[in-house]
Amino acid sequence: MRVVHPEFAPDASLSREEMETLQYDVAETATFRDEFDFDPESVRTGSSDDDQRELPTGKSDTGEKPIVVGVDQAFVGEKAVSAIVAARDGEVIERTHAVVETEIPYIPGLLSFREGTAILRAFEELSVEPDLAIVDGSGRIHYREAGIATHIGVMLDLPAIGVAKNLLCGKLREPIQGHLSEGERIPVLANERVSAPDGTVIGYALQSRQYDNPEKRHVNPLYVSPGHRVSAETTADLVWQLCAGYKLPEPTRRADAYADEVKETVGS
DNA sequence: GCGACAG
DNA sequence: ATCTTGTCGC
């Protein structure tokens with residue numbers, strides 16, 4: 001697929017100040033409301049039920065099901081490996097990847113300038129037109145509301161969601177005491193460290209999976225946030241639907257595995 | 001100066 | 001993110 005907004009390219013040679021200014025521009029172009037055509041309820045995983053009956057009409061509606069892509073990165077020395085796995089109705093239909101030399105180190109808040117180019121190059125290799133992207137990292141849960149999921153989503157004008165294992169910034173509306181139960185979600189609000197008005201719901205802590213006996217051992221929640229063209233609430237709904245009994249959503253797990261596969265092919 | 005800090 | 005064996009628990 002093609003880039004729609006090349007002016008937001010995550011150029012690693014920019015100064016820190018220029019990078020931050022670019023992020024404010026990206027956030028201004030982004031929308032954190034539901035702006036997509038597919039039915040959120042139609043998004044599903046592949047490893048779930050196999051009782052997929054034909055429709056009453058007998059007509060196959062697979063062509064109407066949204067294409068969801070998972071995006072993940074791996075590193076080999078100074079090279080960044082970006083992997084994308086596309087699936088429709090839970091079935092993998094295409095996989096692409098790109099290997100790009102990293103130019104800058106990891107800096108909290110500027111992740112897209114380290115990994116963005118590799119991700120975009122992998123997207124350019126994609127021949128199918130995705131309806132939604134699940135990106136590892138934050139979206140709106142970011143100092144300037146422009147995490148990597150937002151940056152990628154805006155450049156491609158593609159509905160995108162950010163899925164992170166740790167909270168970059170913002171504050172939970174209610175503190176987690178001990179642990180959450182599977183399926184629970186707590187709003188993540190903007191605080192003084194976020195450019196959004198204080199109290200704005202910028203994402204959710206989502207307990208995608210939990211052990212039977214959390215008292216002895218528990219799983220940490222996922223921190224999900226809108227990247228582009230998706231609301232915080234729908235973001236949590238979609239990620240929850242994509243988690244087939246695992247902590248990470250299916251698209252992410254597949255991209256993760258593919259990135260490891262490619263990684264073994266590349267030398268440092 | 002002291003914390004906070006996606007991947 | 002990455003370096004890595006065993007090990008705890010369901």
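Model, not experiment: these values are computed from the prediction.
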Each stem that DNA chain B is part of, given as range with range (3 or more consecutive Watson-Crick or G-U pairs, under 3.5 Å)
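So far as stems of 3 or more pairs are concerned, DNA chain B shows none.
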
Other residues, nucleotides and ligands only: do more than 12 of their heavy atoms fall within 6.0 Å of CD on A:E101?
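More than 12 within 6.0 Å, yes.
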
For A:N213, I'd like to know if atom CG has over 12 heavy atoms of other residues, nucleotides or ligands within 6.0 Å.
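Counting neighbours around CG of A:N213, more than 12 heavy atoms of other residues, nucleotides or ligands fall under 6.0 Å, so yes.
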
Any side-chain donor near an acceptor of the partner, [X] and [Y], under 3.5 Å:
X	Y	result
A:E18	A:S15	yes
A:H179	A:N220	no
A:Y258	A:H97	yes
A:Y106	A:E115	no

With a non-hydrogen cut-off below 4.0 angstrom, is [X] in contact with a base, only sugar-phosphate, or nothing?
X	result
A:I141	nothing
A:L222	nothing
A:G109	base

cation_pi(A:R2, A:F123) dist<6.0 Å, angle<=45:
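The answer is no; the distance or angle limit is not met.
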
Is the charged tip of A:R253 near the ring of A:Y246: under 6.0 Å from the six-membered ring centre and within 45° of its axis?
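Flagged: A:R253 positioned over aromatic ring of A:Y246.
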
Contact pattern, 5' to 3', of nucleotides 2-9 of chain C - B, S or - by protein heavy atom under 4.0 Å:
S-----B-

So, are A:D89 and A:R44 salt-bridged, with charged N and O less than 4.0 Å apart?
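A salt bridge is present here (some side-chain N lies under 4.0 Å from a carboxylate O).
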
Side chain proximity check, A:S225 to A:I202, heavy atoms < 4.5 angstrom:
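A:S225 vs A:I202: side chains apart.
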
Side chains of A:V68 and A:V43 in contact at under 4.5 Å (non-hydrogen atoms)
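Of all side-chain heavy-atom pairs linking A:V43 with A:V68, at least one is under 4.5 Å.
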
Could you tell me the separation between the CG atom of A:D72 and the P atom of C:dA1, rounded to a whole number of Å?
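Atom-to-atom, A:D72 to C:dA1, this comes out as 7 Å.
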
Would you sketch DNA chain C in dot-bracket for me? Only Watson-Crick or G-U wobble pairs with both distances under 3.5 Å count, crossing pairs as [ ], other-strand pairs as |, the rest as dots.
..........

Between which nucleotides of DNA chain B, read 5' to 3', does contact with chain A run, using atoms under 4.0 Å from its heavy atoms?
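Boundary nucleotides touching chain A, in 5' to 3' order, are B:dA4 to B:dG7.
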
What residues, two or more places apart in sequence or in another chain, satisfy side-chain hydrogen bond (donor to acceptor under 3.5 Å, both in side chains) together with A:E182?
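Expected list: none.
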
Whichever of A:D256 and A:D212 has its nearest DNA chain C nucleotide further upstream toward 5'
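Nearer the 5' end of the strand: A:D256.
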
Do any pairs count as a salt bridge (Lys or Arg N to Asp or Glu O under 4.0 Å) and have a residue in residues 125-143 of chain A, sequence neighbours left out, and if so which ones?
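The answer is A:R140-A:E145.
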
